Asker: 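Please read through the structure below; I'll follow up with questions.
Counting convention: from 1, in listed order, for ligands and their atoms alike. What you see is a predicted model, and the numbers here were worked out from it, not measured in a lab. Nothing fancy with the numbering, it's 1 onward along the sequence.
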Amino acid sequence: MRTTFTDGHVSVTGYCSMKKEQVVNCQFSVWYPIFKKHTIKSLILPLPQNVIDYLLDDGTLVVSGSDHNTQQTHTNNSDLDAEEDIQWSDDETTTTVTAPEFPEFTAKVLEAINALGGRVFPKLNWSAPRDANWIALNSSLQCHSLSDIFLLFKSSDFITHDLTQPFLQCSDQDSPDPVVNYELVLRKWSELIPGGEFRCFVKENKLIAISQRDYTQYYQHILKQEEQICQAIQEFFSQHIQYNFLDEDFVFDVYRDSQGRVWLIDLNPFGEVTDSLLFSWNELTSGGEIAQEGPAFRYTTSEVTVQPSPCLSYRIPRDFVDLSTGEDAYKLIDFLKLKKSQQEESEEEEEENAAQ
Ligand SMILES: Nc1ncnc2c1ncn2[C@@H]1O[C@H](COP(=O)(O)OP(=O)(O)OP(=O)(O)O)[C@@H](O)[C@H]1O
């Protein structure tokens, strides 16, 4: 699930009126039990309040180290709680910070990761931290420990959106927000080839549109197998999805594997909070005109249209990543020294000016 912000405000164009209940129904723990047989094996753990507080505290990026490295070098701009152990050393302008620890939760997470084969894809109730994969060492959302998960979650706007304003774009703003029980979703890691992913739009229980998910790239096999892909998705929808979900309007994502088998990947609300990819919400809501006979199928047809990845705008320069994660301690020291010498230079200049 994703929200579009423009100058700090939500961009609502008002093509469709999504209700809070639709958002509630698209939580992972609601749809997973219904479609368990057709999706990737996953485990759901309730998120304790102190973990939620830690994720929302933007004072530090340092991650709990009890299941990983125990300490990391870091710039200190945090007034975090007493569990932090902060040591300043005089000779270098660096701090050593130990993040809060959650032993019980850590043990449960590790047990779940092991049960899923040691490598997982993490999510909250709705979103994965797709906007933060650049910060991970392998530039991937693959996690082996709770500290891997924390690093991604604490760096992700999509995760913050889930935690703070999941009902922001709903039309029934006058009704009270439903209670959300936050959950950590761990999914068995699967090597999904982006060219096999498609987003499907369902209106009044009818599959009206299918879009290539990774629309910034051209995939020749989609062009060649257009009919087979469309047919396989339609069959999957009518056999396993249609009339089985709690709403009649929704969006679902699928993966077609190399054997042609279709898998459910995710379920999203039918509304502007969900990216409409190669369609517009205006088209999708205007009386089903796009789907006269069967669903409309859109994919990128030539290399000319290839665009940069939509998540690129969330990235920051690698140097800053190294600084913020303490990955390259020397870079951090250089940076601090540079700041110090710049400060000294400007103080000298001020003194000279004052003397004149
Ligand atoms: N189990 C998995 N293993 C590896 N990669 C995965 C797994 N599940 C999903 N992915 C990849 O991550 C992408 C995002 O997954 P998902 O749809 O669950 O996240 P999301 O935050 O809900 O995204 P959106 O907001 O677009 O619906 C998928 O398109 C897929 O490429």
Side-chain angles (χ1 to χ4, degrees), residues 1-5 18 22-23 25-32 35-36 38-44 112-113 115-134 136 138-144 148-149 152-153 155-163 165-166 168-169 182-202 210-217 219 222 233 245 250-258 262-279 281 299 309-314:
M1 201 165 77
R2 200 173 67 176
T3 314
T4 315
F5 293 96
M18 183 185 62
Q22 288 176 274
V23 175
N25 289 342
C26 287
Q27 290 182 96
F28 190 87
S29 57
V30 176
W31 68 258
Y32 182 70
F35 300 114
K36 208 173 172 172
H38 309 288
T39 190
I40 300 165
K41 187 179 174 192
S42 308
L43 292 168
I44 305 168
I113 293 175
L116 293 167
R119 299 180 305 156
V120 295
F121 173 88
K123 287 188 82 157
L124 278 193
N125 301 42
W126 296 277
S127 303
R130 288 184 301 115
D131 54 330
N133 69 341
W134 53 268
N138 49 2
S139 290
S140 145
L141 297 186
Q142 187 181 110
C143 292
H144 305 92
D148 291 347
I149 297 168
L152 289 168
F153 278 16
S155 316
S156 166
D157 287 350
F158 296 175
I159 292 296
T160 308
H161 173 264
D162 270 21
L163 289 173
Q165 20 184 227
L168 191 67
Q169 278 178 300
Y182 280 101
E183 59 209 24
L184 172 65
V185 175
L186 299 175
R187 314 205 69 185
K188 192 180 171 65
W189 182 263
S190 316
E191 294 298 340
L192 304 180
I193 299 156
E197 295 187 72
F198 300 90
R199 174 157 287 180
C200 311
F201 300 86
V202 178
I210 303 170
S211 169
Q212 175 182 332
R213 179 108 192 250
D214 181 21
Y215 64 90
T216 60
Q217 301 300 314
Y219 295 101
I222 301 183
I233 294 176
F245 189 49
F250 57 96
V251 177
F252 67 99
D253 295 328
V254 293
Y255 182 69
R256 187 170 171 266
D257 68 20
S258 51
V262 178
W263 298 83
L264 179 64
I265 299 296
D266 194 20
L267 248 135
N268 299 295
F270 188 90
E272 278 141 83
V273 74
T274 301
D275 195 336
S276 54
L277 306 180
L278 291 170
F279 293 89
W281 274 111
Y299 51 91
S309 158
C311 273
L312 272 179
S313 59
Y314 291 95

Asker: Can a salt bridge be assigned to the pair R199 and D275 using a cut-off of 4.0 Å between side-chain N and carboxylate O?
Answerer: no
Asker: Residues two or more places apart in sequence or in another chain: which of them pass ring-ring contact (aromatic ring centres under 6.0 Å, His included) with Y182?
Answerer: none
Asker: Taking heavy atoms and a distance under 4.0 Å, where does F158 meet ligand 1: side chain, backbone, both or neither?
Answerer: neither
Asker: Compute the shortest N/O to N/O distance between W189 and ligand 1 and return yes if it is under 3.5 Å, no if not.
Answerer: no
Asker: Enumerate the atoms of ligand 1 whose separation from the nearest heavy atom of D266 is less than 4.0 angstrom.
Answerer: 16 (P), 17 (O), 18 (O), 20 (P), 22 (O), 27 (O)
Asker: Given R130, R199, R187, identify the one with the heavy atom nearest to atom 13 (C) of ligand 1.
Answerer: R130
Asker: Does Y255 have a heavy atom less than 4.0 Å from any atom of ligand 1?
Answerer: no
Asker: Can you find a heavy atom in the side chain of I193 that is under 4.5 Å from one in the side chain of Y255?
Answerer: yes
Asker: For F153 and C143, what are the C-alpha separation, side-chain angles and deciding distance, and is it a side chain to side chain contact (heavy atoms under 4.5 Å, CB included)?
Answerer: CA-CA 11 Å; F153 278 16; C143 292; over 6 Å; no
Asker: Ignoring angles and geometry beyond distance, decide whether K188 reaches within less than 3.5 Å of ligand 1 through its nitrogen or oxygen atoms.
Answerer: yes
Asker: Output the distance between atom CZ (F28) and atom CG (L184), rounded to the nearest 0.5 Å.
Answerer: 10.5 Å
Asker: Do any nitrogen or oxygen atoms of L141 lie less than 3.5 angstrom from nitrogen or oxygen atoms of ligand 1?
Answerer: no
Asker: Mind checking whether I40 has a heavy atom under 4.0 Å from ligand 1?
Answerer: yes
Asker: Could you check which of S156, A128, G196 puts a non-hydrogen atom nearest to atom 19 (O) of ligand 1?
Answerer: A128
Asker: Under 4.0 Å from a heavy atom of S127: which atoms of ligand 1 are those, numbered in the order shown and with their elements?
Answerer: 21 (O)
Asker: Enumerate the atoms of ligand 1 whose separation from the nearest heavy atom of W126 is less than 4.0 angstrom.
Answerer: 22 (O)
Asker: Taking all non-hydrogen atoms of both residues into account, name the closest pair between F198 and I210 and its distance.
Answerer: CB-CG2, 3.9 Å
Asker: Is any side-chain heavy atom of W126 closer than 4.5 Å to a side-chain heavy atom of Q27?
Answerer: yes
Asker: With heavy-atom distances below 4.0 Å as the criterion, list the atoms of ligand 1 near N268.
Answerer: 27 (O)
Asker: Test N133 against S139 for side-chain hydrogen bond (donor to acceptor under 3.5 Å, both in side chains), laying out the working first.
Answerer: CA-CA 5 Å; N133 69 341; S139 290; over 6 Å; no
